[in-house]
Amino acid sequence: MDPRPVGVFDSGVGGLTVLHECLVTMPHEDFVYVGDAARLPYGPRPLAEIRRFAHEIAGYLEADGVKLVLVACNAATSAALPTLQESLSVPVVGVITPEAHAAVQATRNRRIGLLATKATVEAGRYAELVHTLDAGATLHPVVCPRLVPLIESDDPFGAATTEAVREYAAPVKRAGCDTIILGCTHYPLIRPIFQRVFGRDVTLVFSAEETAREVAETLARKGIDNDPAREGGYRFLTTGDRETFRELGQRFLQLPIQAVERVTLAQLEAAAA
Ligand code: DGL
């Protein structure tokens, strides 16, 4: 039995889609979640900068005593997963591989669309993985710069979001993709909008459930899981405004969030792994 918590991070509230699946799969584990709202969005930033942020947060979580770091952000996974795995002593799990697997398995016409941030598309990890798993499949990536700011805005389900989704969906629809990877952990927060825009014949793939399973298996196989009879807990930290995070987090996670702690950028910078 290992009582240490699992560390989870994202640029904002997107990683809560992954945390939710972790809470469902591992109700006996404790979780500590960091949302880097002060530096959101990550997507338009250069990969080297996102990598630096990821090393700061992961280093902070490791110093805080977590037993595994879950990178619940596609941009940070794209930019930093291998270097985080090299520099941390605890296991590090990311979000891209499970989606690539699921998309290659699901597609019937081998045309896969990818909706993601600029950083994730530019890093090219999905293209590499899809090609490794099925060299005959084609990936049609679309950069969606407006979605993360809209999802984190006061009106995530408003007309501007539906308009943006329609615009970003158009090229992958034209390409005839039957499977779409939602390659950003924020996107499942507006899943009904994607479902209406794409309709029933298109399979939407996102990785939260498979990622949670990978975390659970990693903990079990390494013998660092917690007592299955206990009830786990969760803590939230943000680099931004605590009340904004509490409100948005509670709305999207549909879970009472009592207190959100503040972590400063100076604290993160000092902890870089
Ligand atoms: N949730 C992050 C991701 O999965 C959003 C990145 C951003 O902040 O732009 O990529």
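Atoms within each ligand, like the ligands themselves, are counted from 1 in listed order. Fair warning: this is a prediction, and the values are worked out from it, not measured in the lab.
- Listed by number with element, the atoms of ligand 1 under 4.0 Å from a non-hydrogen atom of Y42 are 7 (C), 8 (O), 9 (O).
- If you look at T117 next to ligand 1, the close heavy atoms, those under 4.0 Å, all belong to the side chain.
- In terms of protein heavy-atom proximity, atom 6 (C) of ligand 1 is closest to S11 OG, 3.8 Å.
- Taking the ring centroids of Y42 and F53, they lie under the 6.0 Å cut-off.
- In this model, a donor atom of one side chain and an acceptor atom of the other lie less than 3.5 Å apart for H186 and E152.
- Atoms of ligand 1 lying under 4.0 Å from at least one heavy atom of N74, given by number and element, are 3 (C), 4 (O), 10 (O).
- Here R213 does not pair with E217 in a salt bridge; the nearest charged N to carboxylate O distance is not below 4.0 Å.
- Aromatic rings of F31 and Y33 (six-membered ring for Trp) have centroids beyond the 6.0 Å cut-off, not under it.
- Aromatic ring pairs are classed by plane angle as parallel below 30°, tilted from 30° to 60° and perpendicular above 60°; the pair F194 and Y187 is tilted.
- Of all the atoms in ligand 1, the ones that sit under 4.0 Å from a non-hydrogen atom of D10 are 1 (N), 2 (C).
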> Does the side-chain contact (heavy atoms from CB on, under 4.5 Å) test come out yes or no for V24 and E209, once each step is laid out?
Replying inline: CA-CA 9 Å; V24 174; E209 205 179 318; over 6 Å; no
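- Looking at atom 9 (O) of ligand 1, its nearest protein heavy atom turns out to be G43 N, 2.7 Å.
- Legend: side chain to side chain donor-acceptor pair (under 3.5 Å) pairs involving residues 10-19, not counting sequence neighbours: none detected.
- The nearest heavy-atom contact from the protein to atom 10 (O) of ligand 1 is A75 N, 3.0 Å.
- By the criterion of a heavy-atom distance under 4.0 Å, both the backbone and the side chain of C73 are placed next to ligand 1.
- On a distance-only criterion, T120 and ligand 1 share no N/O pair closer than 3.5 Å.
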